[in-house]
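Here's the structure, in structure tokens; my notes come after.
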Amino acid sequence: MTLALIIALPFLGIFLPLLAERLGRSACAAAAGVAPLMALVLLLSQQSAVFSGELLKVKLEWLPALGLNLSLRLDGLGFLFALLILGIGLLVILYARYYLSKKEPMGRFFAFLLLFMGAMLGVVLSENLLLMLMFWELTSLSSFLLIGFWGARSDARKGARMALAVTGGGGLALFAGILLIGHIAGSFELSQVLAAGYAIRAHELYPLALILVLLGVFTKSAQFPFHFWLPHAMAAPTPVSAYLHSATMVKAGVFLLARLYPALAGSEWWFYLVSITGLVTLLVGAGMALFQHDLKGLLAYSTISHLGLITLLFGLDTRLAAVAAVFHIINHATFKASLFMAAGIIDHETGSRDMRRINGMWKYMPHTAVLAMVAASAMAGVPLLNGFLSKEMFFTETLNQHLLGSFNWVIPAAATLAGVFSVAYSLRFIHDVFFNGEPVDLPHYPPHEPPRYMKVPVEILVFLCLLVGIIPAYTVAPLLAAAASATLGGDVPSYSLAIWHGFNLPLLMSFIALFGGILVYVFRQPLFRWYAGLPSVDAKLIFERGVQALVKACSGFTQWLENASLQRYLALLLAAALLVVTQGLSSLPQISGPLAMTEIDGITALGLGIMAFAALVTVVFHRQRLVSLLMLSVVGLMVALAFARYSAPDLALTQLSVEVVTIILLMLALFFLPAQTRIESSSLRGLRDFALAVGSGLMVAMLVFAVLTRPYDSISAFFLENSVPGGGGTNVVNVILVDFRGFDTLGEVTVLAIAAVGIFALLDGLRLFQPKVDAQGRSWARDRHPLILATLSRVLLPMALLVSVFIFLRGHNLPGGGFIAGLVTAVALILQYVASGVQWTQSRLPLNYQSMAGLGVMIAGLTGLGSWLFDRPFLTSAFGHFHIPLVGEIELATALLFDLGVYLTVVGATLLILANLGKLTQEKAVEEVL
Amino acid sequence: MEAIFAATLGLLTASGVYLLLRARTFPVVLGLTLISYAVNLFLFAMGRLQGGVVTVIGKGSAYADPLPQALVLTAIVIGFAMTAFVVVLALRSVGETQTDHVDGQEPAQ
């Protein structure tokens with residue numbers, strides 16, 4: 001659990017600085033330091049176990065089906081990185097205490113920093129690759145917050161956005177790569193993946209997986225050509241740069257190279273991709289660093305160059321090169337973090353970062369100058385400093401590799417050239433800033449030494465540079481051995497950390513670099529002039545242009561697709577549906593199946609013919625809305641007849657009553673709408689719609705024909721067999737509705753009730769134009785409630801209700817049931833509204849339809865719940881036969897109660913809709929039409 | 001008979017789709033209703049077309065497939081609820097925008 005706690009502590013600690021902010025800056029920084037300090041202590045308590053080669057693992061299952069587990073591991077490599085993250089993190093917290101001014105929200109800064117720290121620890125201590133990926137993305141997100149900390153500044157916002165876009169985009173590629181690796185290795189657990197190295201490299205998807213993973217690595221570690229985000233991320237406060245851009249975030253990429261080294265390295269793909277990218281980055285970074293006038297810009301390009309060096313080392317084909325890479329990770333973190341801090345101090349004290357203005361600082365801040373000069377010498381690779389040791393190892397390995405055949409000399413030569421530049425820009429950092437005359441036009445003059453404790457983190461780091469550089473065997477050796485062994489997955493080739501290896505080629509290369517660098521620096525002025533003559537490439541401008549072009553293209557595409565015309569959307573939707581069905585049907589060898597067609601029956605054919613004809617007339621006369629509506633009702637009636645013809649009496653009854661209600665509803669609606677439709681579609685649109693209509697019709701006809709001429713196998717035998725013994729009813733359709741599929745029906749009546757309530761809400765407060773005359777200018781009939789209709793409908797009501805009760809009761813055994821009975825009742829009641837008016841009906845029949853519909857759903861639901869009382873599943877029905885005096889033997893089922901709920905919902909919902917729509921005509925403007 | 005039935009459903013669908021693509025709300029509702037007729041008949045036909053069979057146990061020797069019937073029965077009722085909802089939505093839209101165009105505004109002349 002120690003492992004989990006190490007990661008969890010920074011996350012838990014996020015709240016401390018926020019709470020302590022009001023107590024002052026020191027308290028805030030101290031509060032921020034608590035969690036990392038505890039985590040560091042926990043980490044160090046594991047030191048002996050790790051150094052003895054133990055692999056500590058924790059595993060908690062999270063989503064095992066996806067291969068995602070909360071599994072963590074601590075080995076030498078993880079230990080090294082966790083140490084860097086926590087150690088340098090603590091120093092940065094101390095440094096930031098003095099760096100940030102009183103006005104800045106320090107609590108928020110530390111909260112972001114701790115968030116980042118936790119994410120970074122998660123990356124380096126994850127055993128599960130998917131878990132690692134989550135933390136990886138979290139580092140991108142939290143670094144966005146940190147880089148954009150000074151959100152009021154445009155360059156901070158743009159830099160943060162660019163960093164997020166590049167590293168986040170790389171993260172997506174990495175995600176895909178890791179999914180592929182998990183697919184190949186059969187697991188996302190690192191131990192299994194590392195053990196499956198041969199299988200992974202032999203797999204045909206290996207090149208793709210490798211390229212995707214490397215995209216993630218190269219974007220994160222600012223490798224060419226993705227390096228451009230790092231200089232722009234220098235808009236961040238300097239503590240952030242010292243932390244993220246020297247020791248941690250940019251190292252996450254090379255960490256992954258080390259982590260996956262046993263799994264992915266060892267192929268030609270790996271060697272060429274990694275080494276050549278590293279080599280180019282090394283040279284480009286080193287060269288560009290020399291030409292930067294911004295102090296932090298110099299350090300940023302130098303970081304790019306050193307990251308290239310590390311990448312190149314991982315790409316070389318010797319195992320010692322990987323050891324050298326790990327060693328350089330440690331050294332670079334120490335000297336670069338201290339250099340960033342020194343640059344921050346200078347910026348803080350002078351108000352400028354321009355090296356053409358900051359000169360002669362030696363006089364003003366000698367203490368800082370000494371520290372910065374030592375660290376810069378380490379960066380240049382001067383003997384007796386840690387940078388020298390790893391650079392020597394680097395030179396040695398460039399000589400030992402065998403990658404490029406007869407062009408092998410290119411790599412050591414390029415390495416030496418990069419060494420020359422590296423010495424030159426380090427020298428510039430020392431000479432230009434601390435000597436070279438007097439400062440020019442500084443915002444803060446005269447500068448002086450920073451607060452005492454601001455220098456402490458720099459001192460500690462510089463001291464470490466010296467210590468490692470002078471007595472490596474007693475300081476860094478065990479840590480390096482543990483990390484290297486974890487990287488290589490076991491046996492580490494023998495190497496020596498001695499300072500003196502005798503006069504050999506690497507030493508010569510170091511001297512060439514040293515003197516070449518001094519020479520280049522001396523002749524820097526002509527070089528600067530040459531550089532100024534180059535066309536300037538502003539990465540930010542190009543990036544912003546790219547982003548804007550992308551946004552423009554996207555919004556153009558969206559506007560083309562979404563032009564706010566519903567007709568067009570619908571046409572596209574239908575066209576897409578047509579395409580899918582066409583594709584599905586085209587796989588059939590022929591449309592007609594093996595079944596023979598039944599013989600043509602004259603009456604039925606006539607009925608279907610009337611249906612088709614009425615549908616056509618509906619379309620042809622659609623501009624005359626009333627005619628069209630009447631023809632529609634003919635279609636509906638023929639549909640009801642079709643149901644009756646093909647042995648579905650329940651459906652015929654339902655269709656008939658729904659038809660009545662629908663047509664009344666549409667008539668009512670038509671009262672408020674224009675009676676005619678103008679011609680307004682263009683010919684082209686008409687043609688398009690016609691084509692779509694014919695296409696859809698053809699598809700449906702083919703589909704129906706294809707289905708009907710093929711044999712089928714139904715699950716209905718079950719329902720037919722179990723209807724009587726299981727459901728207690730002989731009408732199988734009704735038993736399915738209220739028993740077998742009762743849950744569906746419950747859902748459906750709920751939808752019905754919701755639709756009714758929705759309509760009720762839509763009609764609330766609606767005012768519509770109510771014409772006094774019809775389209776031809778004739779006024780409405782004076783006899784609004786004809787006497788014959790009113791009288792007849794009153795007589796009919798009790799009879800209709802009686803019929804509906806009859807239909808309801810017999811429903812379980814004969815055609816009928818709650819749905820049909822409900823609709824019959826509704827039609828009978830609506831007839832009263834039509835014949836006698838809303839006021840007349842409601843004063844005599846004060847029913848609350850909302851309550852009725854609600855009550856219906858409640859009864860149906862409670863009936864279902866009732867079965868729980870008897871320890872049965874939801875909606876189990878029970879039935880029994882009872883003997884009632886006079887009536888005789890009768891069968892009662894709980895399904896009847898359920899059906900009562902259905903009945904009430906149907907009546908309530910239908911009347912809620914129609915009565916409320918009818919009421920609209922009662923608004924004072926016009927008399928009622930009902 | 002199956003061919004005639006299929007052709008009828010095709011015609012119903014074609015008519016419905018054409019009306020669905022009109023610019024005014026009322027024809028769209030009519031189209032929707034036509035399509036729901038076609039869909040209900042289509043679902044119903046999945047149980048095959050048979051005359052003279054029953055779905056009530058003991059009332060005949062051969063039985064129709066009761067499952068599509070049960071599905072279509074609820075589909076008819078739900079279809080009504082949806083039609084009603086669309087109609088009222090159309091009315092509300094007229095009340096809010098003073099036009100019965102589906103886009104909620106008269107097309108630019």
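Every chain is numbered from 1, with letters handed out A, B, ... down the list of sequences. All of these numbers come straight from a predicted model, not from anything done at the bench. Because only heavy atoms are used, hydrogens play no part in the values below, and waters and symmetry mates are left out as well, while side chains stay in.
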Which of the residues [options] is involved in the greatest number of heavy-atom pairs with chain B at under 4.5 angstrom?
options: Val700(A), Leu651(A), Leu814(A); result: Leu651(A)
options: Leu692(A), Leu670(A), Val749(A); result: Leu670(A)
options: Leu632(A), Leu665(A), Val639(A); result: Leu632(A)
options: Ala701(A), Gly695(A), Gly817(A); result: Ala701(A)
options: Val751(A), Leu595(A), Val661(A), Thr709(A); result: Val661(A)
options: Ala615(A), Ala571(A), Ser716(A), Ala909(A); result: Ser716(A)

Any side-chain heavy atom of [X] sitting closer than 4.5 Å to one from [Y]?
X: Leu91(B); Y: Leu917(A); answer: yes
X: Met611(A); Y: Leu41(B); answer: yes
X: Val635(A); Y: Thr33(B); answer: no
X: Phe672(A); Y: Val94(B); answer: no
X: Ser714(A); Y: Leu67(B); answer: no
X: Phe819(A); Y: Ile76(B); answer: no

Should we count [atom1] of [X] as having more than 12 external heavy atoms under 6.0 Å?
X: Phe740(A); atom1: CZ; answer: yes
X: Phe690(A); atom1: CZ; answer: no
X: Arg741(A); atom1: CZ; answer: no

Where does [X] contact chain B at under 4.5 Å (heavy atoms): side chain, backbone, both or neither?
X: Ile715(A); answer: side chain
X: Glu599(A); answer: backbone
X: Leu720(A); answer: both
X: Thr677(A); answer: side chain
X: Ala640(A); answer: neither
X: Phe719(A); answer: side chain
X: Ile913(A); answer: side chain
X: Leu574(A); answer: side chain

Considering only heavy atoms and a distance below 4.5 Å, find which of [options] pairs most often with chain A.
options: Val72(B), Leu9(B), Ile78(B), Leu49(B); result: Leu49(B)
options: Ala75(B), Ala38(B), Gly79(B), Gly47(B); result: Gly47(B)
options: Leu89(B), Thr83(B), Val54(B); result: Leu89(B)

[X] versus [Y], closest heavy-atom pair with distance:
X: Arg22(B); Y: His622(A); value: CD-NE2, 3.6 Å
X: Asp103(B); Y: Leu566(A); value: OD1-N, 2.9 Å
X: Ala70(B); Y: Ile736(A); value: CB-CG2, 3.6 Å
X: Ser628(A); Y: Leu30(B); value: OG-CD1, 3.1 Å
X: Val56(B); Y: Pro815(A); value: CG2-CD, 3.8 Å
X: Arg625(A); Y: Pro27(B); value: NH2-CD, 4.0 Å

Is it the backbone or the side chain of [X] that comes under 4.5 Å from a heavy atom of chain A, or both, or neither?
X: Leu19(B); answer: side chain
X: Val29(B); answer: side chain
X: Val87(B); answer: side chain
X: Phe85(B); answer: both
X: Met46(B); answer: both

So, [X] side chain and [Y] main chain: donor-acceptor pair closer than 3.5 Å or not?
X: Glu2(B); Y: Phe705(A); result: no
X: Arg92(B); Y: Leu762(A); result: yes
X: Ser647(A); Y: Gln50(B); result: yes

| task | Carefully, step by step, assess Gln676(A) and Arg24(B) under the rule side-chain contact (heavy atoms from CB on, under 4.5 Å). | result | CA-CA 10 Å; Gln676(A) 278 159 355; Arg24(B) 302 288 159 171; over 6 Å; no

Review point. Parallel, tilted or perpendicular for Phe44(B) and Tyr646(A), by the 30°/60° rule?
Key: tilted

Practice problem: Let me see the working for Tyr63(B) and Val732(A) under side-chain contact (heavy atoms from CB on, under 4.5 Å), right down to the final yes or no. | Solution: CA-CA 10 Å; Tyr63(B) 293 104; Val732(A) 188; 5.9 Å; no

Verdict with supporting geometry, Thr604(A) and Met1(B), side-chain contact (heavy atoms from CB on, under 4.5 Å): CA-CA 9 Å; Thr604(A) 317; Met1(B) 206 62 230; 3.9 Å; yes

Review point. How far apart are the C-alpha atoms of Met597(A) and Phe5(B), what are their side-chain angles, what is the distance that settles it, and do they pass the side-chain contact (heavy atoms from CB on, under 4.5 Å) test?
Key: CA-CA 11 Å; Met597(A) 284 191 268; Phe5(B) 188 81; over 6 Å; no

